[in-house]
Amino acid sequence: FDLAPIPGYILHARVLECPGPPRGADEKRIFMSYAEPQRTLTVTDGIAIIVGIVVGVGIFKTPSLVASSAGSEGMLLLVWLLGGAISLLGALCYAELATSYPHAGGDYHYLTRAFGDAPGFLFAWARMTVIQTGSIAMVAFLLGDYASEIYRLGEFSSSYYAAGIIVLLTALNVIGIRQGTLTQRVLFCAILLGLMFVAVAGYGLTPPHPDVPAGQSSLHEAPSLGRAMIFVLLTYGGWNEAGYLSAEVRDPGRSMIRILLVSIGVITAIYLVINAVFVNSLGMAGMSSSQAIAADLMDKALGAGGARFISGLVILTALSTMNAAIITGARTNFALGRNFSPLRFMGRWERLRGTPVNALLLQGAVALLLVAIGTGSRNGFAMMVEYTAPVFWFFLLLVGISVFVLRRRDAHRERPFRVPLYPLTPLVFCAVCIYMLHSSLVYTGRGSLLGVAVLLTGIPLLLLGKTGCKNRSKEKKS
């Protein structure tokens, strides 16, 4: 654009500052296109978003699966503690990246700096079509299942609820970041209060489960630490979303470290307390055989009213997870649009609202498409887990490797935070990612192949974008 005739705008390296709102249609279009993310998020906002993503519906599903593989009560609590320690290792790596390279693109930005445009683009494409949108659709389906138990909307009730809540939460975030973060704070507080009530009711209103006599096994499967860790780390997944907030957090040099460390601490404490309550009330046998472990606990404590309470808490948790995922997911789409011309419509940030509106709308549309595809599927939730897991762990491994690459390439760059015990800490984190990538391919079905196939469809689009850039360069030279 030719900005010279437009009064009131000052261009600084693609950043436009305006003393007042845009006065005309042309000015508004340019203002939206070039405005940058503003640092409006506090540490509390960041913690609420990250805890909201991680403490999702998984805590109501995976404890029974972990119990069936842990072998003993002590091992059960140990694997949940180990999951927190592994997440802490990853958080330390992310703290260095997020404070050294604060950017709304998060992982996309780190991968692009470390490995070039192609890996960065493929990650952003996977996040837009597989990782983030698949997670949003997965949680939306689960929310629809629980909401349908309260009030059904017909044959495809779960899908109607899923689609409706995706539209509602996307609209809230399109209105503005303040509305999105306020919603997240409210949901965060409600979930913590609900989980505290579950813990108190579990300890206070149910008698302790009798110990299993020595030499007798109460489990239906042979103990397997590896299998248990798959589900534990699945439940801890999402803390890495903090990287996408680094361009909007006040004083990121110190705030990002606090957000990551406090979030991991809060999450680990919640998981340990809830699992201790389950063990005390249901025992290992009761946990491993349960299909709805939290509902069984509250039914034992409060009867049918307790089961309804859990349904409401699961809905709140799903809302929190989806809202936080919508906030962070759109940031990658925005960064991709800024760097990839065929998708440049996503690179518009509306400064007055503090949101990437087009990126949010596209993300919502893809999530709705996945809901439509999954409508009528008996295993929609499980399929979405398979669909996202291998692609997620592959790119998380690349982010871990990028710590080494950027340390070497940008050796003189100021780093407000450095990973302690380097290189051991990122090495251990990368080893865990390799193990999880292998496990997600071995233990999942056709859904994982579908996710990989969708990832590969981004290659032709990448080549198209490069061809377009070459053609424009030739035109300019001529």
Side-chain angles (χ1 to χ4, degrees), residues 54-86 142 145-146 149 194-237 267-314 317 378-379 381-382 385 436 439 442-444:
V54 178
V55 183
V57 292
I59 192 58
F60 300 105
K61 294 180 70 69
T62 58
S64 59
L65 300 171
V66 176
S68 67
S69 301
S72 66
E73 296 179 2
M75 182 58 69
L76 173 71
L77 297 179
L78 179 61
V79 295
W80 284 103
L81 183 61
L82 184 59
I86 292 172
L142 190 63
D145 291 339
Y146 275 89
E149 293 298 320
L195 290 173
M196 288 173 60
F197 179 76
V198 170
V200 172
Y203 268 121
L205 301 179
T206 60
H209 193 274
D211 293 333
V212 177
Q216 296 184 19
S217 175
S218 63
L219 303 179
H220 301 285
E221 300 180 18
S224 170
L225 176 62
R227 184 174 183 272
M229 287 306 302
I230 291 174
F231 294 110
V232 167
L233 292 177
L234 172 67
T235 314
Y236 271 98
I267 293 160
T268 304
I270 289 173
Y271 286 173
L272 287 173
V273 169
I274 291 298
N275 278 275
V277 172
F278 288 151
V279 169
N280 179 73
S281 302
L282 302 177
M284 292 293 287
M287 289 183 67
S288 60
S289 62
S290 176
Q291 298 299 314
I293 190 169
D296 289 345
L297 172 69
M298 294 304 291
D299 183 67
K300 185 177 180 181
L302 299 174
R308 286 193 294 270
F309 170 81
I310 281 297
S311 294
L313 183 59
V314 170
T317 306
R378 295 179 59 186
N379 298 307
F381 182 88
V385 172
M436 293 302 299
S439 299
V442 170
Y443 292 106
T444 56

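Just the heavy atoms: all of them, side chains too, but no hydrogens, waters or symmetry mates, feed the values below.
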(message) Would you compute the distance between atom CG of N275 and atom CD of E73 and round it to the nearest 0.5 angstrom?
(response) 11.5 Å
(request) Measure the spacing between CE of M229 and OG1 of T235 and express it to the nearest 0.5 Å. (result) 10.0 Å
(request) Begin with the C-alpha distance, continue with both residues' side-chain angles, and end with the deciding distance and a verdict on side chain to side chain contact (heavy atoms under 4.5 Å, CB included) for V232 and T62. (result) CA-CA 7 Å; V232 167; T62 58; over 6 Å; no
(message) Looking at S68 and L65, would you say the former's side chain and the latter's main chain have a donor-acceptor pair under 3.5 Å?
(response) yes
(message) How long is the straight-line distance from OG of S64 back to CE of M284, given to the nearest 0.5 Å?
(response) 11.0 Å
(message) side chain to side chain contact (heavy atoms under 4.5 Å, CB included), that's the test. Do Y271 and V66 meet it? Break it down for me.
(response) CA-CA 12 Å; Y271 286 173; V66 176; over 6 Å; no
(message) Let me confirm one number: the CG-CZ distance from L76 to F278, rounded to the nearest 0.5 Å.
(response) 10.5 Å
(request) Taking Y236 for its side chain and W80 for its backbone only, find out whether a donor-acceptor pair lies under 3.5 Å. (result) yes
